[in-house]
Amino acid sequence: MMHKFLIEGENRLLGEVEISGSKNAALPILAATLLSAETHVLQNVPQLADIETMSSLLRYLGCIVTRENDTLLIDARAISHVEATYDIVRKMRASTLVLGPLVARFGRGRVSLPGGCAIGARPIDLHLKGLEALGATICLEHGYVDVVAPANGLVGNRIILDMPSVGATEHLMTTATLAKGTTVIENAAREPEIVELANVLIGMGAKVSGAGTSQITIEGVEHLGQMRTAIRPDRIESGTFIAAAAITGGDVLLKQVSLKDLESVIQHFGYAGCELQPQGEVSSSGLCDLRIRAPKKLRACDIKTAPFPGFATDMQAQWMACMTLASGTSHIEENIFENRFMHVSELMRMGAQIELHGNLAIVKGVERLSGAPVMATDLRASASLVLAALAAQGQTEILRIYHLDRGYVALEKKLNALGAKVLRQEV
Ligand code: EPU
């Protein structure tokens with residue numbers, strides 16, 4: 001069933017909000033459950049369409065997946081298939097992350113080759129080159145990639161990534177846990193999701209060191225044990241609520257977020273004139289409450305997206321929404337994906353003044369945005385339209401919000417609890 005949002009703008013957001021578990025941390029962790037014949041326990045798993053897609057894929061492969069609220073039990077003892085079909089992979093590119101674990105445990109995996117997606121071509125060449133370096137043979141046929149391990153299993157190797165791809169780092173680190181000998185991943189991505197995955201693998205008995213730096217070392221082991229973990233809070237959802245407070249001149253307390261994961265976002269909203277202050281104790285896992293108080297008008301400030309710890313590409317669209325109403329002109333450079341400016345034309349329909357020059361957007365702050373019918377195109381672009389609508393005069397209608405449901409748990413409920421007026425309707 002298709003839904004749309006109707007948003008009445010110009011309401012200051014005030015109050016407290018709970019942040020859900022991280023989608024992008026949960027997805028590779030879910031794929032890693034395939035590494036061992038155990039029943040795994042994952043807590044704080046967000047209830048999102050993408051997580052449901054990964055769960056369906058695991059079920060298709062033979063896992064028994066049961067959910068009780070935010071806890072997933074995954075019984076990965078009896079695997080019956082080693083293939084992810086087109087039907088599943090076309091829904092979500094992260095499905096390809098099951099390939100390596102299948103090859104590591106069963107000697108073979110086959111997944112439909114993902115196509116491009118709205119934000120760019122997004123090839124998986126680095127994943128495949130890495131698997132080859134571990135000794136696998138790769139065959140591309142009928143739209144599928146078929147990967148077979150040598151008779152004696154995968155063998156550790158030195159892998160130098162051409163770029164610090166998040167997915168390739170996760171995929172190869174996971175796969176190498178069961179390869180013979182030592183694997184070193186150079187130019188590895190340093191995102192917090194990599195560190196979280198490494199800790200989960202270590203908890204299963206893997207020998208991984210260096211996650212969070214650009215060199216990760218994995219000593220292969222024979223078997224891995226049970227996975228038990230609680231997914232950490234979503235840093236992009238956190239950043240999106242910071243942006244929601246910022247664009248409405250609000251005062252919001254984010255409960256239990258990871259400050260370390262948000263440094264660049266916190267710094268930039270600070271430059272833009274917001275006050276961001278940690279509140280209370282920091283928990284043993286590094287979480288604490290964060291209060292954001294925004295001024296009536298934000299100051300324009302430039303960003304360039306970059307791999308972690310730089311400004312996240314997943315926050316670029318939300319930042320741009322904030323800059324459309326700032327005083328002054330800001331330059332926004334997108335350096336990770338080649339086509340991640342689809343929110344620009346929709347924001348302009350709401351009165352934003354933006355010029356595009358390749359991967360650079362020049363945003364001239366305007367006095368006000370006005371509500372309009374707009375179309376969501378991908379997850380974070382959709383979030384930016386919601387933000388713009390919260391601040392715009394009048395009503396905004398956002399179509400195709402299934403994009404939002406892939407990555408934000410109960411977005412309208414959380415926003416409405418802060419004083420926004422967001423209505424979900426069937427179309
Ligand atoms: N790339 C290649 N070849 C590869 C892999 C990547 O050319 O084999 C390119 C991509 O096309 C892209 C760049 O490298 O231009 C970076 O891609 P990366 O592999 O780092 O991204 P990803 O693993 O596919 C994850 C998140 C994205 C997030 C990016 C960057 C998940 C499930 N997805 O994607 O999240 O934007 O890292 O931080 O973790 C989102 O949540 O909205 C989202 C798109």
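Order of listing sets the numbers, starting from 1, for every ligand and every atom in it. These numbers come from a predicted model, not from an experiment.
- Annotation: atom 8 (O) of ligand 1 to nearest protein heavy atom, Leu126 N, 2.8 Å.
- Between Asp50 and the options Lys23, Lys91, Arg93, a salt bridge (charged side-chain N to carboxylate O under 4.0 Å, His left out) holds for only Lys23.
- Using 4.0 Å as the threshold, Arg340 has a heavy atom nearer than that to some atom of ligand 1.
- Closest heavy-atom approach to atom 22 (P) of ligand 1 among the candidates Arg122, His403, Met92: Arg122.
- Within ligand 1, counting atoms from 1 as listed, the ones closer than 4.0 Å to a heavy atom of Gly167 are 19 (O), 23 (O).
- In Lys129, neither the side chain nor the backbone holds a heavy atom less than 4.0 Å from any atom of ligand 1.
- Of the polar atoms of Ala168, none of the N or O atoms is found under 3.5 Å from an N or O of ligand 1, judged by distance alone.
- Within ligand 1, the atoms closer than 4.0 Å to a non-hydrogen atom of Ile336 are 12 (C), 13 (C), 15 (O), 16 (C), numbered from 1 in the order shown.
- Put simply, the side chain of Leu390 does not reach to within 4.5 Å of the side chain of Asn11, judged on heavy atoms.
- The pair Glu83-Arg110 meets the salt-bridge criterion, since a charged nitrogen lies less than 4.0 angstrom from a carboxylate oxygen.
- For Thr377 and Arg400, the side-chain atoms include no donor-acceptor pair closer than 3.5 Å.
- Protein heavy atom in closest approach to atom 41 (O) of ligand 1: Arg380 NH2, 2.7 Å.
- Residue Lys23 has at least one nitrogen or oxygen atom sitting less than 3.5 Å from a nitrogen or oxygen atom of ligand 1, judged on distance alone.
- Under the 3.5 Å distance criterion, with hydrogens and angles disregarded, a donor-acceptor pair is assigned to the side chains of Thr240 and Gln318.
- Distances from atom 25 (C) of ligand 1 to the heavy atoms of Val166, Ile124, Asp125 put Val166 nearest.
- Within 6.0 Å of CZ in Arg77 there are 12 or fewer heavy atoms belonging to other residues, nucleotides or ligands.
- For the residue pair Thr71 / Gln43, no side-chain donor-acceptor distance below 3.5 Å is found, with atom types taken as modelled.
- Remark: ligand 1 and Thr313 share no N or O pair separated by less than 3.5 Å (distance only, no angle test).
- For His357, the NE2 atom is densely surrounded, since the number of other residues' heavy atoms within 6.0 Å is greater than 12.
- Comparing heavy-atom distances from atom 26 (C) of ligand 1 across Thr169, Asn24, Thr305, Leu27 singles out Asn24 as nearest.
- Here the protein heavy atom with the shortest distance to atom 21 (O) of ligand 1 is Phe337 CZ, 4.1 Å.
- Enclosure of atom OH in Tyr144 by more than 12 non-hydrogen atoms of other residues, nucleotides or ligands within 6.0 angstrom is indicated.
- Shown here is Arg228, whose CZ atom has no more than 12 heavy atoms of other residues, nucleotides or ligands within 6.0 Å.
- A donor-acceptor pair shorter than 3.5 Å cannot be found between the side chains of Glu186 and Ser214.
- Looking only at protein heavy atoms, the nearest one to atom 43 (C) of ligand 1 is Asp314 OD1, 3.4 Å.
- Protein heavy atom in closest approach to atom 19 (O) of ligand 1: Ser165 OG, 2.6 Å.
- Residue-ligand proximity, His127 to ligand 1, at heavy-atom distances under 4.0 Å covers atoms 8 (O).
- Of the protein's non-hydrogen atoms, Met163 SD, 3.1 Å is the one closest to atom 14 (O) of ligand 1.
- Given atom 4 (C) of ligand 1, the protein heavy atom at minimum distance is Pro123 O, 3.0 Å.
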